[in-house]
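For ligands, and for the atoms within them, numbers begin at 1 and follow the listed sequence. In this chain, residues are counted from 1 in sequence order.
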Amino acid sequence: MALNLDAIGKNLGPVSKEYTWKDVVLYALGVGAGFSDLDYCYEKNLKVIPTFSIAAIFDFLSHYASNANINLAGILHGEQDLIFHQPIPTEGTLTTQGKITHMYDKGEKKGALIVGESDTWHANGKKLFTSIISLFSRLDGGFGGEAAPKETFAFPDRTPDFEIQEIPSLDQPLLYRLSGDVFALHVDQEFAKMAGFEKPIMHGLCTYGYSCRALMNSLTPGAPEKVRRLKCRFSRPLYPGDPIKIQIWKTSDNKAVWKTVNAKTGEDVITNGIFEFGEIPKKEIRFDGQVAVITGAGGGLGRVYALELAKRGAKVVVNDLGGARDGSGGGSATPAQKVVEEIAALGGEAVANYDNVATAEGGENIIQAAVDAFGKVDILINNAGILRDKSFVKMEPENWKAVLDVHLNGAYHVTRPAFTLMRKNGFGRIVMTTSAAGLYGNFGQTNYSAAKMGLVGLMNTLKLEGKKYNIKVNTVAPIAASRLTEDIMPPELFEKMKPEFVSPLVLFLCSEECEENGNIYNAGMGFFNRAAVVTGPGTTVGDGENPPDIETVVDKFDTIQSLENGKVYFELNEQVGDAMNAFNAPAASEQDTSSKKISSAAEIFAAMPDAFNPDAAGGVDVVFQYHISGPGGGDWSCAIKDGACAISKGTHENPTCTLKMADTDFIDMISGVLPAMQAYTSGKLKIEGDIMKSQLIEKLFKLT
Ligand code: NAI
């Protein structure tokens, strides 16, 4: 069995795992927490021990071994490094993706080192931690690979600053294994003996958890969120009940080195430990070197966007015509000029522009002003706006047109020349300004609502045209006190409704960090949420060959208009695709399941002779005994000798190894739903006898 070197760099996952507060507490108990550190064991104000993370992604770890084709009989956890980006929430779903980054060769009979790196995200969208794991494979050395780089590590030449004593109980592995690692080595007497130990040993990661508690209690008491990194090398096994000492040397304000010693023998169990701690470094969002154009920035929301962008390093074009609230009047240079002066007083850089967004020429001039002053445009906020409210019957064409000209046509006029430059530069962030009046409706604002919804349509398509140039287009629906809203907002709300409550979201949408594209956000008074066009799952009516009649459509109307389980499409093709597949989809999926479905273990054994690959059986002489439990189970043996395979119902008197599994898990494993390695490490597959020989099964049979 050779290592699969092609596995290096191949993406593994995503693998998702749901957990609740009970899993968090179970882990804490498994690593020795109790009443003395109740914060980790009581759901009231529960805190999560950071190393819970590695137990929570244990299923993912098995992918490294199975993809690298490691010989399981010689596998050991070599090193573990956990880097924490955010505190671990007390419940949720974790999604992990990773890859094998290196396979190092220590030499024939000396083993190999397989290094895997993964990132894990919480369903809340935050990246929580990075895990770098080294698996030491005792039996896979000598494959001709490069040697692992040498690392130097030294402990300070003084007594430790902290020394914490712990005595894991004799039964500790029985509790710890419930957090995910149910490998027989930690529970099964015979298995442990076969692996060369006098009895089941502690999980290395359990001792790692004990060490993490000791480090936190010494250096970040009560503040698990301050743990930034925990790295170590597992050097010797530990038996349950043996006392340990965690020795810690603080080497700087936010770093310590540590090791865990078997207090009975004095030997290092874990060594080369690094512990880093401190506040989560906040990455400041900056706009240095970027050029932002904001229309209608002489007052209200636009002014605040301009100031905030300039404070964070952007060079700003402050556009404002300086007209009246309804857009009437010749305009004035004063509002835009004042904002430029405010920016200059803060030490920022800005120029004023007084062009009218409502004309194509005005739009060109605004962007030209940016090019003339700063050479480019990276950010555009289409913000200029006027109001001409009237009930629909009184809405004369002039008022209709004036509002559409500023909001919708204005965005077109300015965005078109900006977009051309952004495409050339391969970067752009554009924000449209819609309104709740457009998204949801508001009496007396048909012109305004139509224009504001028009901007959403403009965004929907522009996001597609800008995608490959790294141009992201998003839309904000603000709520803020300004000249536009002064007569409809109660004065006592004005302070709560400052534009400053909207600008953080808008600035994020303008930033390089923003990967969102084509989204709409409501923002105001410190409250933010996303709005979207949601499409219900719908239903087919009729046979798809002949147009259905009205009455049948009416009969199904409840289903047609239901938004339950609705989705948000990113582009037209997705919706059209669903419509075109509506009649085919169910039939296709039925076909799928019927062709693949295996219903019993007997079926699998009946198919085994055909799935046998005699070319892989040269020199093989083994008997696999299967003990499949459950209603669809039974005993079967499979004898392979002289390139032939014989399957018999019942038990063989002298099997090479016995595989025990529940019928449903066995079906999942053979169908490819449950990877064999995961089945084994999760305890769903138990193997007795010669484990190494059991690894031949995947080579000898091609069942899926
Ligand atoms: P504002 O009246 O304080 O700001 C709008 C600015 O646009 C004014 O300074 C005005 O001179 C300028 N402007 C008008 N027509 C222009 C033109 N043709 N060319 C260049 N500049 C022009 O109002 P506010 O509240 O700051 O509004 C900003 C944007 O937010 C507008 O698009 C508005 O429709 C939108 N909005 C505001 C809400 C709020 O609660 N304040 C609610 C929903 C949307």
Check for me whether R325 has a heavy atom closer than 4.0 Å to any atom of ligand 1.
no
Those atoms of ligand 1 less than 4.0 Å from some heavy atom in G300
3 (O), 26 (O)
Select one of side chain, backbone, both or neither to describe which atoms of L321 lie under 4.0 Å from any atom of ligand 1, heavy atoms only.
both
Single hit among L307, L301, V304 for side-chain contact (heavy atoms from CB on, under 4.5 Å) with S503:
V304
Does NZ in K556 sit with more than 12 non-hydrogen atoms of other residues, nucleotides or ligands closer than 6.0 Å?
yes
Would you say D355 touches ligand 1, if touching means a heavy atom closer than 4.0 Å?
yes
Return the orientation label for the F52 and Y27 ring planes: parallel under 30°, perpendicular over 60°, tilted otherwise.
perpendicular
Under 3.5 Å between some N or O of ligand 1 and some N or O of S435?
no
Between D555 and T552, do the side chains contain a donor N or O and an acceptor N or O under 3.5 Å apart?
no
Which part of T433 is near ligand 1, with near meaning a heavy atom under 4.0 Å away: side chain, backbone, both or neither?
side chain
How does L387 reach ligand 1, by side chain, by backbone, by both or by neither, if only non-hydrogen atoms under 4.0 Å count?
neither
State the CD1-CZ distance between I285 and R312, to the nearest 0.5 angstrom.
7.0 Å
Taking atom CZ of R530 and atom CG of L505, what is their separation to the nearest 0.5 Å?
12.0 Å
Distance to 0.1 Å, residue and atom name: give those for the protein heavy atom nearest to atom 23 (O) of ligand 1.
L484 CG, 3.2 Å
When you look at CZ of R416, are more than 12 heavy atoms from neighbouring residues, nucleotides or ligands closer to it than 6.0 Å?
no
Taking atom types as modelled, find out whether N382 and T433 have a side-chain donor-acceptor pair closer than 3.5 angstrom.
no
Please state whether Y354 comes within less than 4.0 angstrom of ligand 1, counting heavy atoms only.
no
Are side-chain N/O atoms of N522 and N529 paired as donor and acceptor at under 3.5 Å?
yes
Would you say NZ of K376 has more than 12 non-hydrogen atoms from neighbouring residues, nucleotides or ligands within 6.0 angstrom?
yes
Using a cut-off of 6.0 Å, state whether more than 12 heavy atoms not belonging to K226 lie near its atom NZ.
no
Taking atom CD of E361 as the centre, does the number of heavy atoms from other residues, nucleotides or ligands within less than 6.0 Å exceed 12?
no
Below 4.0 Å from any atom of ligand 1, is there a heavy atom belonging to N382?
no
Within the structure, is a non-hydrogen atom of K452 found at a distance of less than 4.0 Å from ligand 1?
yes
Atom 14 (C) of ligand 1: the protein heavy-atom neighbour that sits closest, reported with distance to 0.1 Å
G385 O, 3.3 Å
In the protein, which heavy atom is nearest to atom 26 (O) of ligand 1, and how far is it?
L301 N, 2.8 Å
Return the residue, atom name and 0.1 Å-rounded distance of the protein heavy atom closest to atom 22 (C) of ligand 1.
A384 CB, 3.6 Å
Should T295 be listed as contacting ligand 1, given a heavy-atom distance under 4.0 Å as the test?
no
Would H407 count as a contact residue for ligand 1, given that I'm defining contact as a non-hydrogen atom of the residue lying under 4.0 Å from a ligand atom?
yes
Give the ring-plane orientation class for F84 versus F129, where under 30° counts as parallel, over 60° as perpendicular and anything between as tilted.
tilted
Any idea which protein heavy atom is nearest atom 15 (N) of ligand 1, and the distance to it?
I386 CG2, 3.5 Å
At a non-hydrogen distance cut-off of under 4.0 Å, which region of M497 contacts ligand 1 (side chain, backbone, both, or neither)?
neither
Considering the heavy atoms of G322, write down every atom of ligand 1 situated less than 4.0 Å from one of them.
11 (O)
Side-chain contact, heavy-atom cut-off 4.5 Å: M459 with T434?
no
Report, in ascending order of atom number, the atoms of ligand 1 lying under 4.0 Å from any heavy atom of T434.
43 (C), 44 (C)
Got an N/O contact under 3.5 Å between I479 and ligand 1?
no
With no hydrogens and no angle check, do the side chains of H85 and T130 hold a donor and an acceptor under 3.5 Å apart?
yes
Heavy atom of the protein closest to atom 38 (C) of ligand 1 (residue, atom name, distance):
P478 O, 3.8 Å
Of D578, N460, T535, the one forming a side-chain hydrogen bond (donor to acceptor under 3.5 Å, both in side chains) with Y569 is D578
List the closest protein heavy-atom neighbour of atom 9 (O) of ligand 1: residue, atom name, distance to the nearest 0.1 Å.
D320 OD2, 2.6 Å
Just jot down the ligand 1 atoms closer than 4.0 angstrom to any heavy atom of N319, in number order.
20 (C), 21 (N)
Counting from 1, what ligand 1 atoms have a heavy atom of Y448 closer than 4.0 Å?
33 (C), 34 (O), 35 (C), 36 (N), 43 (C), 44 (C)
With a 4.0 Å cut-off on heavy atoms, is A480 touching ligand 1?
yes
At what distance is the nearest protein heavy atom to atom 19 (N) of ligand 1, and which residue and atom is it?
V357 N, 3.2 Å
